[in-house]
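Inspection log for the structure reproduced underneath, given as structure tokens.
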Amino acid sequence: MSHMKQIEEKWQKKWETARVFEADPDPKRKKMLVTFPYPYMNGPLHVGHTFTATRVDVYARFKRMQGYNVLWPWAWHWTGQPLLGASERVAKGDETYIRVLREVDGVPEEELEKFVDPLYMAQYYTNEGRKIAKRIGFSVDWRREFTTVMPTYQRFITWQYLNLHEKGYVTQGTHPVVWCPKDKSPTGDHDRQVGEGVTPEEYTLIKYKLDEETFLPAATFRPETIFGVTNMWINPDAEYVEAVVNGEKWIVSQEAAEKLKEQEHTVEVKRAFKGRELIGKNFTNPVTGNQFPILPGWFVDPKTATGVVYSVPAHAPYDWLALKDLQEKPDILGEFGVDAAMVKAIKPISLITVDGYGEFPALEIVKEMGIRDQNDPRADEATKALYKKEFHGGVLKENCGVYSGKTVRQAKDVLIADFKRQGYVDGMYDLPESVVCRCMTPCIVKVLSDQWFLNYSNAEWKAKAKEVVAQMQIYPETARQYFLTVIDWLKEWACARTTGFGTPLPWGKGWIVETLSDSTIYMAFYTINKHIREYGIEPEALTREVFDYVFYGKGETTTVCQASDIPADILEAMRNEFLYWYPFDLRVSAKELVPNHLSFCIFHHAALFSPEHWPRAIGVNGMLMIEGKQMHKSKGNFVTMKNAVDKYGADATRCALLLGAEGMDDPDWRGDNAADIRGKLEALRKLALDIIDKTKSKETGHMENWLLSKMQQRVGEVTRNLEELKTRSSLETALFEVWNDFRWYTRRKGETEAEAVQEALEVWLRLLAPFAPHLCEELWSAAGKESFISLAEWPKIDEGKLDVLAEEREILLTDLIEDTLNVLRATKISPKRVCYYTASGWKWNVYRSILEKAVQGEVKLNEVMKELAKDNSLRQNMKAVASFVPKVLKTLSKLPNERRVRLANLEIADEKEFIESALGFLEERLNAKVAVYGEDDQSRFDPKKRAPLAIPGQPAIYIE
RNA sequence: GCAGAGGUCGCCGAGCCAGGUCAAAGGCGUAGGCUUCAGGAGCCUAUCUCGUAGGAGUUCGUGGGUUCGAAUCCCACCCUCUGCACCA
């Protein structure tokens, strides 16, 4: 274990000294820029980062060995709010949080106290992150590192946003957010005490008229039901206000008046009163002009929307229940002076036809579910169920004016737009559930005005983004559809906010570019940050003209130099460096970033770069699980990269992670697995050293040919899989399948002294090098190699070493053993003697002719028989032929065509000699005396006359 | 709710796109054996059921369908994971 650690440190030092991962432009070599989304630095790197980044590293190392000039840069994300929040919690002395930092993140006491400075905290995690990224062996060019709060980076973001703005991709508008009135800031999920995941919902307010100048804005999600209104509900005990809202006189609940103030409505409250004051009055439907009464409804919650609700008893369970209550208990009405007979006379008005229900769905569902009254909690359930049903399957009836005959789904948006135009409706946001801020203040919805958006709704932009996707490789291919649908439904994205770290919006005072919006094209910044750091280029020198020159080739070198003070040769070098490396060839992340970061990256490249600089490939993978569960600091199952590397070592951690999953499946980190892999690698080391230490024999017989042939296949499999970023499959082959090949060779030969074994080992080590680079460097060097395996040539398939005959012979042998064991299992014999009988010559002839036909296509039994009957040499044998041919057909039908072709092209006539050569092995394996005879051998031992059962490739068996 | 990905023999996971080569790779676990001073590790064998001759039967979320033939194609249903916005 500590031995492995030594090996790891040793090679990391050597790599660093030799600068093997520092990549500079080299026009003679093909380039490869691979990237990993920079991690956010409010905590340590964890095994989830490690999984994704290891996939990048494996690909980088693979491509480097294939001769590509590979650049893998790294940076750190500091932009945003959480760092500030985290540091505040430390400053406030939040014990639970501090314990997490201490115990989970492993922060030492003396550092912890300095975390009151958020930048110090970020720097601490960045330093720790860099250390551990090196310790796990990532092949990063660290010269290009940066953080997102560096002034030079901010100059780059400034350039990006000036361009986006100029090109019309940034727009201004309003946007609803969950808002804490005390903090006066948006309350994100992480800032909430209650109500995680709750988002604002938009209500339509239908402005029913109370009198000529007063409106009752009733809130609804179903404005189409206006055609079925029968009355209004007001909570008689709730507090309402009369207010001038946007110049009109409105009546809403007191709470609603406060909310509306935050939603771009001017609100001037004139007077407050109890709801009961309204009961018994009439109101007018603005669309139809019909009049209806206002009735008492205690289910009406003044805290929800306007606290004014209109009643559609035919389709809304609550409305029906409330109406039924009043009709059944008319004495309640006396208190309000409402005529009970009038209420009794109210009939539901049906306006939607829907399958499975009759005239009045609300009545039916209430009855069906046995709901008693408006206080029954299941009324809510019934409402949702019916809404869903009617929204998806409902059709508006003839009493719905111009909307008649349309489905609810079709009519809804049109109807809202129409009503808006005609001035019947307004809108309002509210929260479906209560949300409480960390500061314990209940949140409301605020509509932010003057908010800046990236206008992802822009159809042209969407089309261009899809072009980017079309020319990209996506691993796995199944993720392509995901990207396309995300591009379709992405809408305006608020790209600026007022708090947190980040780059100021170049034109908007007080706004900062939001964290997901400042990380979309920064891969281009890596190409020039090398020069910025090396020559100490000042942020002020990074003018818009400089970036235009470097990224777009705009402007004259001399002019740009004079204006910026950057020497011409450096400026040229930056331009060349960008042109050499860009675009990036691969970016890998977990699937959670598809709907945001990765898609933004695509959009911004579409907007800012020409097609030759569009991304070449994106890889997506699953989310890492810990022992089958989601990883959470709070759940106590958080595993950092450092934890894993300390405990299992770099190579084992890398391999254990990659063996977890590929594609979009979620990999699972299990400590036991990692420990097991660690043991495996240790065993591999012993095996390899053992092979290397052996004195070499020149032997190049059947088994040597077999092993080398097998290796060629493995090279093909691993290479093919790695090209598609199938890291799991490729490692599985490179580690386990190859190992099994070596085991089989060792069993068959009993030793590993041939030179060919060392040759195969050297192929093996190179196949494994991207996955377990430290161990492979060590063994490569032990094998006498002077140079790094990290820079060794990736194995290519050597056609000359393919030996199909050798492979087929070993298949014959394993099949034979398998058949023998099967017989032994069935008969429960402990064998003393095993006899094999190989097929006679005429069988081989018949077999070959059938095989040739089988390769062409389907073989008909009767046709074969007819043809064989013409053959004079078979005449006397026709009886045996007749029983033999069907067996051959059956055997061949079980083979894949690939193997039929192989067999057809082979000359395996010496079965008997081959089995004889393996007699020793068979005897040991079966623990019995083994003999081989030809089927026609007169002197054969065959008491049960089994020899005639022999088929080519499947000798007959006799056991006693 | 909408969208994306999935449900395979104790566990993890291939196979499914291009139907027959599938009782279904590989790893782990478990059992037995060998090796070893011991510990570990390594190696070998077995691991759906049945079977006195290399065979048969029942399986791939559930229920249907297409086909000579389905883990693989089609339909419906159930379940799991991920994302849904100002938050990285």
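In what follows, every chain begins at residue 1, and chains take the letters A, B, ... in the order their sequences are listed.
N740(A) has a side-chain polar atom (N or O) that falls below the 4.0 Å cut-off from OP1 or OP2 of G27(B). At G15(B), none of the side-chain N or O atoms of R728(A) fall inside 4.0 Å of OP1 or OP2 (strictly under the cut-off). Contact between the side-chain N/O atoms of R670(A) and the OP1/OP2 oxygens of C28(B) is not found at any separation under 4.0 Å. A close approach under 4.0 Å does not occur between any side-chain nitrogen or oxygen of T485(A) and OP1 or OP2 of A3(B). When the side-chain nitrogen and oxygen atoms of K680(A) are compared with OP1 and OP2 of C28(B), one or more of them lie within a distance under 4.0 Å.
For T478(A), counting side-chain heavy atoms from C-beta on, the closest listed nucleotide (G6(B), G42(B), G83(B)) is G6(B). Nearest to the side chain of K828(A), among U52(B), G55(B), C81(B), sits U52(B).
Relative ring orientation between H46(A) and F638(A) is described as perpendicular, the plane-to-plane angle rising above 60° on a 0-90° scale split at 30° and 60°. A perpendicular orientation is assigned to the rings of Y40(A) and H77(A), their planes being inclined by more than 60° (bins at 30° and 60°).
Judged by closest nucleotide on RNA chain B, N673(A) is the one of E960(A) and N673(A) placed further toward the 5' end. Projected onto RNA chain B by closest heavy-atom contact, L659(A) and V486(A) fall at different nucleotides, the more 5' of which corresponds to V486(A).
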Please tabulate, for side-chain N and O atoms in residues 951-960 of chain A, each donor-acceptor pair with protein atoms closer than 3.5 Å (sequence neighbours left out).
unit_1	atom_1	unit_2	atom_2	d
Y958(A)	OH	E960(A)	OE1	2.7
E960(A)	OE2	R833(A)	NE	3.3

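Going from the C1' atom of C11(B) to that of C2(B) covers 34 Å, rounded to whole Å. Look at the P atom in both G39(B) and A31(B): the space between them is 16 Å, to the nearest Å.
Remark: Y203(A) pairs with F221(A) by the ring-ring contact (aromatic ring centres under 6.0 Å, His included) rule, at least two apart or across chains.
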